[in-house]
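Quick notes on the structure that follows.
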Amino acid sequence: MSAQPVSGTATLPPLPHWERTPDDLPAAVRQVKAALRARIAASGRTVEDVFAVIGRRIQADVDEITAARQRGEAIWPVIEYGDIEAGTVPESARALLRHRGCLVVRGHFDRDQALGWDRGIVDYVESNGFFESYRGPGDDFFGSVGSRPEIYPIYWSPAQMQARQSDRMARVQAFLNSQWTYESGGVRWFDPDRDSLYPDRIRRRPPGADSAGLGSHLDPGTLDLWMTEENQKAFRHLFNGTIEQYDPWDAAWRTTGPQYPGTTMCSAFRTFQGWTALSDMAHDQGVLHTVPIPGAMAYLMLRPLLPDVPDDDMCGVTVSQVFPASRKWHSLLLQALTGIPDVTAGDSVWWHCDMIHSVAPVTGQQGWGNVMYIPAAPWCPRNERYAASVRDVFLTGSSPDDFPAEHYERSWTNRFQPYQLNQTGRRGLGLS
Ligand SMILES: [Fe+2]
């Protein structure tokens, strides 16, 4: 290919990097943007050229998705749990999963099991007087209106832990992890068959609810995506003249480095974010949407380098706020925003960790909207570090370090106990 650089990347100018949040953010943004542009130029290409390569790919994906939608075709891939367990998922289904970056697993759990977990969570919080003691949202990101929460800052119910350490969850996580390239250059970046049991919350949204939803955003990081040494390596192909080799499924350098702290951070590396449905949900009742294009991350990372963006602006990305996907800078991507199909309690929903997602607004919701957030967070140096803190908060029933320090469950004696851990649970917490 004629556009390949003549010089090796070793000769390209180095990038400044900040392993902790820079003191002067605008200055650091200006500095890193200038250095990224200089590095692309030294590779023999221009920012405009590199961005155009990605722009054409994304445009083709958006066109394909909008055409399929007009034909009435389903956009979200669907795989039956039974095929994952039996190892009979056809390669065509795996290819579609990697193409769209998202998935519904049908029948991941029996519907009765999921509904039982939902009732179990209600019993758990009511038996501990949660609604009487609830002090309001501990963060402003998922803040809800009214006296009862939609997001419950609850982490250690028997239901959640049973699901996290279940064989069925482990099988699906291993299947999803194996869509990534997790070994390269003699390094095994993560273990696809061992999950780190990342503890997250639950959502229970009752019938009749009005919800403003959640704006389009992504979760893999903020300014650290451009500014830490590990991330600069992870996204190396965007900035060293080899844009054609960028692969959103390459785990190299994704599983080791730091993340800038903030109220919306996730310390873990997740191959996929996910949740398990604890109620039936119709597709038009305020459900999850994604931009089902995993490679869109390249667009999001390169867009701030174009000359129409002010030098101290990363298209609105800053620390301690989620990475916004906006009409102003990312309107092409948002054309592909697509909601999940109808799901049944026990189905699970997954999306690539870099993908834009949102939750649609709803008024007068029909039926419940209940989910248990359980991602795929395979064992790797980053997740091993976080697992040490998870062990501690599990033993004391505290809120995990990534979340507001609300600690509702410390005195709740019917929370999941260490003796109830199975082998998957112990391995996930680094206890064996
Ligand atoms: Fe998110």
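Keep in mind that this is a model prediction, so the values were computed, not measured.
- Here Trp368 pairs with nothing under the ring pair (Phe, Tyr, Trp, His ring centres under 6.0 Å) rule; sequence neighbours left out.
- Between the side chain of Asp191 and the backbone N or O of Trp379 there is no donor-acceptor pair closer than 3.5 Å.
- The salt bridge (Lys or Arg N to Asp or Glu O under 4.0 Å) test applied to Arg164 returns no partner, not counting sequence neighbours.
- Between Tyr198 and Tyr386, the distance from one ring center to the other falls under 6.0 angstrom.
- Evaluation of the side chain to side chain donor-acceptor pair (under 3.5 Å) test over residues 355-365, restricted to residues two or more places apart or in two chains, returns Arg205-Gln365, His217-His357, Asp219-His357, Trp351-His357.
- In this structure Trp76 satisfies the ring pair (Phe, Tyr, Trp, His ring centres under 6.0 Å) test with no other residue, sequence neighbours excluded.
- For an aromatic pair to be called close, the ring centres must be under 6.0 Å apart, and Phe131 with Tyr152 satisfies this.
- Listed by chain and number, the residues in a side chain to side chain donor-acceptor pair (under 3.5 Å) with Arg303 are Asp308 (sequence neighbours excluded).
- A side-chain N or O of Asn414 and one of Ser127 form a donor-acceptor pair less than 3.5 Å apart.
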How far apart are the C-alpha atoms of Ile293 and Val62, what are their side-chain angles, what is the distance that settles it, and do they pass the side chain to side chain contact (heavy atoms under 4.5 Å, CB included) test?
-> CA-CA 8 Å; Ile293 306 174; Val62 169; 3.9 Å; yes

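- Counting heavy atoms from C-beta on, the side chains of Trp350 and Leu176 come closer than 4.5 Å.
- The aromatic rings of Trp180 and Phe269 sit perpendicular, their planes meeting at an angle over 60°, well past the 30° parallel limit.
- With sequence neighbours left out, Ser157 forms a side chain to side chain donor-acceptor pair (under 3.5 Å) with Gln160.
- For the atom pair Ile84 CD1 and Arg171 CZ, the distance stands at 10.5 Å (nearest 0.5 Å).
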